[in-house]
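Before any comments, here is the structure.
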Amino acid sequence: MHEMSLCENILQTLQQQANAQQYSKVKTIWLEIGELAGVEADALRFSFDSVMQDSIADQARLEIIDIAGQAYCSHCAKNVPIQQRYDACPECGHFPLQIVAGDQMRIKQLEVE
Amino acid sequence: MCGICGCGEGHTHSHEEDHSHDSLDHDHHNPIDGHQHAAQHTHAQGLSPARMVQIEQDILAKNNAYADENRRYLSQRGILALNLVSSPGSGKTSLLTETIKRLKEELSIAVIEGDQQTTRDAERIRATGVPALQINTGKGCHLDAHRVGHAFEHLALSDHSLLFIENVGNLVCPSAFDLGEAHKVVILSVTEGEDKPIKYPDMFHAADLMILNKTDLLPYLDFNSAECIAYAKRVNPKIKVLSLSAKTGEGMDNWLKWLKAELELQRIDYA
């Protein structure tokens with residue numbers, strides 16, 4: 001259940017940015033969560049509401065932008081889609097592949113007032 | 001030492017120090033300060049106050065900043081810190097006590113123990129004669145860089161020493177949290193099944209070394225070591241693997257050699 005910790009980290013960032021960006025309330029938050037980031041979106045949503053309660057992001061809407069997993073296959077010399085870290089290349093069967101996208105978890109933007 | 005959280009000066013751990021130094025289960029600076037100041041209303045009249053702010057920041061940015069500070073602290077002192085991760089019951093603490101017995105005469109060693117509850121593991125470590133600090137994470141499923149940074153203050157680490165950070169037994173959550181260690185070392189016991197690396201790929205991806213422990217039990221199991229190592233390398237082609245039995249001592253030599261070599265690398269002053 002480290003989704004709870006992730007939400008606590010998100011809240012810290014929101015509070016840290018509040019002074020710098022001059023806002024007192026967060027209405028919507030957009031997160032980019034990669035398919036390979038090991039984050040369960042449902043668990044994140046569940047934790048989000050309880051962690052944000054009574055904070056500057058109380059009742060904030062959570063928008064999760066899914067980022068597809070992508071890896072570079074050295075045999076095919078191109079990027080290919082993957083669903084798991086250990087996936088083989090869907091075209092030639094080669095592995096291991098080098099992950100190029102989908103392992104990030106980022107706060108992208110906020111709607112604030 | 002906590003330049004980021006600003007809690008280094010004057011914060012007190014006295015509620016722990018009254019009775020012992022073996023627990024650090026407080027959360028002394030909850031970031032929720034409860035009195036957020038309303039932003040100045042500088043927006044032009046007539047416009048909705050709602051607006052978009054680009055953040056583009058890693059969710060774990062704060063933890064990573066603490067981890068960077070820990071890493072700087074450790075490297076300035078030539079301390080080798082290892083983050084030991086595994087499922088519960090893989091034999092992490094036994095591996096540590098056996099390692100400490102063999103090295104404590106020649107090296108300075110300290111241990112940070114992470115568990116949800118109890119100080120049992122720290123007591124097992126202290127019985128070997130080296131300092132150990134227990135961090136109880138309560139409901140938490142992993143150690144984070146901030147708590148570990150504060151543990152450094154309590155342990156009074158010597159220069160060029162070896163610091164083992166035994167994480168909470170959990171093959172999922174600790175993988176995401178950098179503590180400032182030189183390496184994550186994942187311990188897998190042969191009683192667990194060879195497919196753990198692909199069942200929990202994030203952890204094996206994050207680790208630099210995998211230790212296959214309890215090899216003395218191999219004759220009684222169907223565990224296929226070669227297959228397990230192949231799975232681990234599939235998730236992480238760079239992972240190194242050692243097989244050993246902390247109980248019989250078989251393979252311990254290679255582990256001790258690895259530790260000494262890594263400690264020696266910490267003495268290098270890079271430009």
Side-chain angles (χ1 to χ4, degrees), chain A residues 1-34 36-40 44 51-58 74 84-88 95-99 103-113, chain B residues 5 27 30-34 36-43 48-65 137 139-144 146 168 170 172-177 195 197-206 230-239:
Chain A
M1 273 302 285
H2 68 296
E3 283 78 6
M4 190 70 98
S5 299
L6 297 181
C7 288
E8 281 160 5
N9 276 271
I10 292 168
L11 180 57
Q12 285 182 11
T13 302
L14 298 181
Q15 287 166 333
Q16 212 172 29
Q17 294 280 328
N19 278 336
Q21 307 265 14
Q22 295 276 299
Y23 60 79
S24 59
K25 184 164 174 53
V26 178
K27 297 182 73 177
T28 314
I29 172 164
W30 282 264
L31 303 180
E32 281 183 347
I33 304 290
L36 312 172
V39 177
E40 201 52 59
L44 194 67
V51 171
M52 298 305 154
Q53 209 171 4
D54 299 327
S55 76
I56 51 170
D58 195 3
S74 55
Q84 306 284 347
R85 278 199 190 280
Y86 52 83
D87 276 354
F95 66 87
L97 305 176
Q98 193 187 342
I99 291 165
D103 58 353
Q104 70 264 56
M105 38 182 171
R106 292 169 65 82
I107 304 172
K108 181 149 178 67
Q109 62 175 9
L110 309 174
E111 183 191 15
V112 298
E113 56 180 45
Chain B
C5 71
D27 186 9
N30 189 328
I32 301 167
D33 67 13
Q36 289 296 327
H37 301 286
Q40 299 291 318
H41 285 272
T42 53
H43 57 274
S48 159
R51 62 196 158 91
M52 304 301 277
V53 175
Q54 302 299 315
I55 298 280
E56 299 285 352
Q57 192 174 316
D58 195 296
I59 290 176
L60 291 174
K62 190 134 189 178
N63 182 75
N64 293 343
T137 58
K139 293 189 182 65
C141 49
H142 58 269
L143 292 173
D144 62 54
H146 181 243
V168 179
N170 176 342
V172 184
C173 308
S175 69
F177 292 82
D195 53 359
I198 52 169
K199 282 183 171 168
Y200 302 95
D202 295 315
M203 187 62 90
F204 290 83
H205 181 78
Y231 283 141
K233 298 216 168 188
R234 183 159 171 177
V235 174
N236 178 1
K238 290 182 186 152
I239 200 165

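To find a chain, count down the sequence lines: A is the first, B the second, and so on, and within it residues start at 1.
One finds the CD1 atom of Ile107(A) at 6.0 Å from the CD atom of Gln57(B) (value rounded to the nearest 0.5 Å). Considering NE2 of His2(A) and CG of Leu60(B), their distance stands at 7.5 Å, rounded to 0.5 Å. Atom NZ of residue Lys108(A) and atom CE of residue Met52(B) lie 10.0 Å apart, to the nearest 0.5 angstrom.
By number of non-hydrogen pairs under 4.5 angstrom with chain A, the leading residue of His205(B), Lys233(B), Glu56(B), Gln54(B) is Glu56(B). Each of Val112(A), Leu31(A), Ile33(A), Ile10(A) has some count of heavy-atom pairs under 4.5 Å with chain B, and the biggest count is that of Val112(A). Interface summary for chain A: among Val235(B), Ile198(B), Asp58(B), the most heavy-atom pairs under 4.5 angstrom belong to Ile198(B).
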- [ ] For side-chain contact (heavy atoms from CB on, under 4.5 Å), just list the numbers for Ile29(A) and Ile55(B), CA-CA rounded to whole Å, side-chain angles, deciding distance to a tenth of an Å, and then say yes or no.
- [x] CA-CA 10 Å; Ile29(A) 172 164; Ile55(B) 298 280; over 6 Å; no
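Cation-pi geometry between Arg234(B) and Phe95(A) is satisfied (NZ or CZ under 6.0 Å from the ring centre, within 45° of the ring normal).
Using a 4.0 Å cut-off between charged nitrogen and carboxylate oxygen, Glu113(A) and Arg51(B) do not count as a salt-bridge pair.
For a residue to count as touching a neighbouring chain, one of its non-hydrogen atoms must lie under 4.5 Å from one of that chain's; by this rule Phe204(B) does not touch chain A. Heavy atoms of Gln17(A) lying under 4.5 Å from chain B belong exclusively to its side chain.
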